[in-house]
Amino acid sequence: MHSVKLDLKKRSYNIIAGCSVLGLLGKQIRKLNIGLDAYVITNSSIRNKYGRVLERALIRAGFSVRFKIVPDTEKSKSLTTAYSVIKDLAAYDRQKRIFLVAFGGGVIGDLAGFIASIYKRGIPYIQIPTTLLAQVDSAIGGKTAVDLAEGKNLAGAIYQPRLVLSDVKFLSTLDARQIRAGLSEVIKYGIIKDAQLFRYVESRYKDILKLRAPVLEYVVARSSRIKAGVVSRDEREEKGIRTILNFGHTVGHAIEAASGYRIYNHGEAIALGMLVASDISRSLRLIDDNVPARIEDLIKAVGLPTRIKRVSLAAIINAHYRDKKFIGSRNRFVLITGIGRTKIVENVSLGLIRQAIKRRLD
Ligand SMILES: NC(=O)c1ccc[n+]([C@@H]2O[C@H](COP(=O)([O-])OP(=O)(O)OC[C@H]3O[C@@H](n4cnc5c(N)ncnc54)[C@H](O)[C@@H]3O)[C@@H](O)[C@H]2O)c1
Ligand SMILES: [Zn+2]
């Protein structure tokens with residue numbers, strides 16, 4: 001079991017990662033003194049698989065439990081779903097001792113966190129992420145949001161959970177594509193901040209894909225530590241520190257959007273975005289040729305895409321210019337100077353961006 005503290009003074013919280021750590025949940029929540037009634041937001045598939053074990057762990061520790069089921073789709077990250085959950089919450093919240101539990105992947109986590117941030121101007125919530133992507137990334141750091149028709153994650157808040165509990169046991173029912181998507185973010189952490197983690201994934205990716213618990217535990221804990229460290233130093237992305245987490249995301253988001261969120265999932269799109277960003281880094285002579293080659297080898301080995309299919313250059317460039325990470329008309333890229341080292345570069349020429357994307361197009 002690993003415990004990582006995300007240090008934000010009075011709003012600090014622990015991230016607990018391990019195998020079968022769900023048993024620790026009740027005691028951990030009791031210590032936080034955040035209420036007695038757990039309002040668990042989840043979907044029916046997760047409820048069917050793991051609802052009973054969660055319920056038992058909470059009841060054993062003296063909490064009451066109510067499940068709120070939302071549909072299993074990104075569409076649940078909407079104001080409409082948030083509104084219907086809040087209505088249910090308000091009707092149920094008679095004794096005023098409720099806290100929320102986000103029990104699922106990034107969709108559930110973002111939605112539940114958003115609801116926690118606005119209901120009664122903020123109530124406590126905890127994250128129990130059940131996908132690799134959520135365990136290493138979305139459950140940590142307090143970015144909560146719902147999507148609007150105008151774009152993803154446009155309505156939201158930074159609102160930190162009181163606890164993150166990542167049990168790698170949940171990952172045993174995740175399909176391979178979802179595991180690879182989470183692994184893409186793990187590889188990102190290696191590239192931006194942790195050469196040792198990168199080497200670890202290079203040597204152990206087969207065990208990760210086979211869902212070997214100790215290996216998953218190491219990867220989740222190490223990634224959590226990196227994200228927690230970055231967020232604690234720059235919670236609101238004001239100092240250019242949290243920005244490094246966007247490595248691969250500028251072009252990755254554009255690829256996701258240009259493909260109508262249908263061809264690639266988030267992890268796959270950012271794998272492609274990381275390849276483009278490392279290409280740009282090489283064109284600017286920030287790194288030697290062997291670094292992009294090593295990154296590409298690993299991305300390919302774990303089964304993530306290395307070629308962009310069925311999306312045009314024009315569509316990607318268009319989506320790229322709509323990205324909210326642009327400051328005015330200037331762009332801002334997280335580039336690398338080696339495995340584990342980043343450099344933020346503004347105003348990368350459109351020519352260079354086009355060239356790097358073009359090299360990846362089929
Ligand atoms: N807040 C942040 O910082 C942040 C960061 C990255 C991504 N996100 C958001 O996260 C979302 C994507 O998250 P995701 O990749 O976890 O997708 P997801 O939440 O849609 O989960 C993927 C699928 O896996 C299923 N699932 C979840 N746990 C399972 C388990 N243990 N066994 C079997 N199936 C399981 C879900 O029901 C779903 O069908 C996006 O909305 C994205 O915007 C947020
Ligand atoms: Zn991401």
Side-chain angles (χ1 to χ4, degrees), residues 1-18 21-42 46-47 50-70 82 85-106 108-130 134-135 138-146 156-167 170 224 227-228 231-232 235-236:
M1 194 269 273
H2 302 256
S3 181
V4 175
K5 181 176 175 192
L6 199 158
D7 192 352
L8 287 169
K9 307 270 162 51
K10 278 188 181 154
R11 292 176 298 115
S12 297
Y13 55 96
N14 288 326
I15 301 154
I16 292 172
V21 288
L22 191 64
L24 307 172
L25 181 69
K27 211 167 156 198
Q28 291 289 326
I29 306 180
R30 288 211 83 92
K31 273 203 300 205
L32 294 171
N33 206 12
I34 53 173
L36 289 170
D37 302 321
Y39 186 91
V40 182
I41 301 176
T42 190
I46 298 162
R47 159 101 207 232
Y50 303 111
R52 196 157 294 154
V53 279
L54 175 67
E55 190 172 18
R56 233 183 280 136
L58 288 166
I59 287 174
R60 223 186 301 125
F63 298 101
S64 84
V65 184
R66 177 180 173 95
F67 284 95
K68 178 66 185 168
I69 305 295
V70 300
V85 174
I86 289 170
K87 294 264 292 175
D88 182 73
L89 187 53
Y92 177 65
D93 184 16
R94 294 278 176 245
Q95 293 180 301
K96 315 214 178 315
R97 35 176 224 184
I98 267 186
F99 61 94
L100 298 195
V101 179
F103 190 40
I108 297 280
D110 282 12
L111 171 74
F114 175 70
I115 292 166
S117 79
I118 57 173
Y119 180 64
K120 289 181 167 171
R121 303 189 187 92
I123 60 168
Y125 78 112
I126 64 170
Q127 289 273 14
I128 307 184
T130 62
Q135 295 191 350
S138 63
I140 304 165
K143 278 194 181 174
T144 76
V146 294
I158 294 196
Y159 187 67
Q160 301 294 342
R162 303 294 299 272
L163 173 73
V164 179
L165 188 120
S166 293
D167 195 329
F170 295 135
S224 301
K227 180 138 188 198
V231 172
S232 70
E235 184 187 16
R236 308 194 70 87

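Please read all numbers here as calculations on a predicted model, not as lab measurements. FYI, the numbering just counts along the sequence from 1.
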### Message
With salt bridge (Lys or Arg N to Asp or Glu O under 4.0 Å) as the rule and sequence neighbours excluded, what pairs involving residues 51-65 come up?
### Response
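Residue pairs with at least one partner in residues 51-65: there are none.
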### Message
Taking salt bridge (Lys or Arg N to Asp or Glu O under 4.0 Å) as the cut-off, I'd like each qualifying pair that reaches into residues 21-30, sequence neighbours left out, listed once.
### Response
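Matches after skipping sequence neighbours: none remain.
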### Message
For F103 together with F67, are the ring centres under 6.0 Å from each other?
### Response
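No, the ring of F67 stays outside the 6.0 Å limit from the ring of F103, centre to centre.
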I need the [X] [atom1] to [Y] [atom2] distance, nearest 0.5 Å.
{"X": "S3", "Y": "L163", "atom1": "OG", "atom2": "CG", "value": "9.0 Å"}
{"X": "L89", "Y": "R66", "atom1": "CG", "atom2": "CZ", "value": "9.0 Å"}
{"X": "T130", "Y": "Q135", "atom1": "OG1", "atom2": "CD", "value": "7.5 Å"}
{"X": "I29", "Y": "R162", "atom1": "CD1", "atom2": "CZ", "value": "11.0 Å"}

### Query
Could you go step by step and tell me if I128 and F170 meet the side chain to side chain contact (heavy atoms under 4.5 Å, CB included) rule?
CA-CA 10 Å; I128 307 184; F170 295 135; 3.8 Å; yes
### Task
Quickly, which of K5, Q127, Q160 forms a side-chain hydrogen bond (donor to acceptor under 3.5 Å, both in side chains) with Y13? Name it, please.
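Exactly one pass, corresponding to Q160.
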### Task
Using the six-membered ring wherever Trp is involved, compare the ring planes of Y92 and Y39 and label them parallel, tilted or perpendicular (cut-offs 30° and 60°).
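Y92 vs Y39 ring planes: tilted.
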### Task
Please step through side chain to side chain contact (heavy atoms under 4.5 Å, CB included) for the pair I126 and L165, ending with a clear verdict.
CA-CA 8 Å; I126 64 170; L165 188 120; over 6 Å; no
### Message
Checking side chain to side chain contact (heavy atoms under 4.5 Å, CB included) between L25 and each of L54, V53, I16, which is the one that passes?
### Response
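So, applying the side chain to side chain contact (heavy atoms under 4.5 Å, CB included) to L25 and each of L54, V53, I16, only L54 qualifies.
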Going by atom type alone, with no hydrogens or angles, which donor-acceptor pairs under 3.5 Å involve a side-chain atom of residues 111-124 and a protein atom two or more places apart or on another chain?
{"from": "S117", "atom 1": "OG", "to": "F114", "atom 2": "O", "distance (Å)": "2.7"}
{"from": "Y119", "atom 1": "OH", "to": "D93", "atom 2": "OD2", "distance (Å)": "2.9"}
{"from": "K120", "atom 1": "NZ", "to": "D93", "atom 2": "OD2", "distance (Å)": "2.7"}

### Message
So if I apply the salt bridge (Lys or Arg N to Asp or Glu O under 4.0 Å) rule between E235 and each of K227, R11, K143, which one comes out positive?
### Response
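When K227, R11, K143 are each tested with E235, the salt bridge (Lys or Arg N to Asp or Glu O under 4.0 Å) holds only for R11.
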### Message
When you measure from the side chain of T144 to the backbone of A157, do you find a donor-acceptor pair of N or O atoms at a distance under 3.5 Å?
### Response
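Yes.
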### Query
Between D7 (side chain) and S12 (backbone), is there a donor-acceptor pair under 3.5 Å?
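No; zero donor-acceptor contacts below 3.5 Å.
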### Query
Any side-chain heavy atom of V164 within less than 4.5 Å of one from L6?
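Contact flag for V164/L6 side chains = no.
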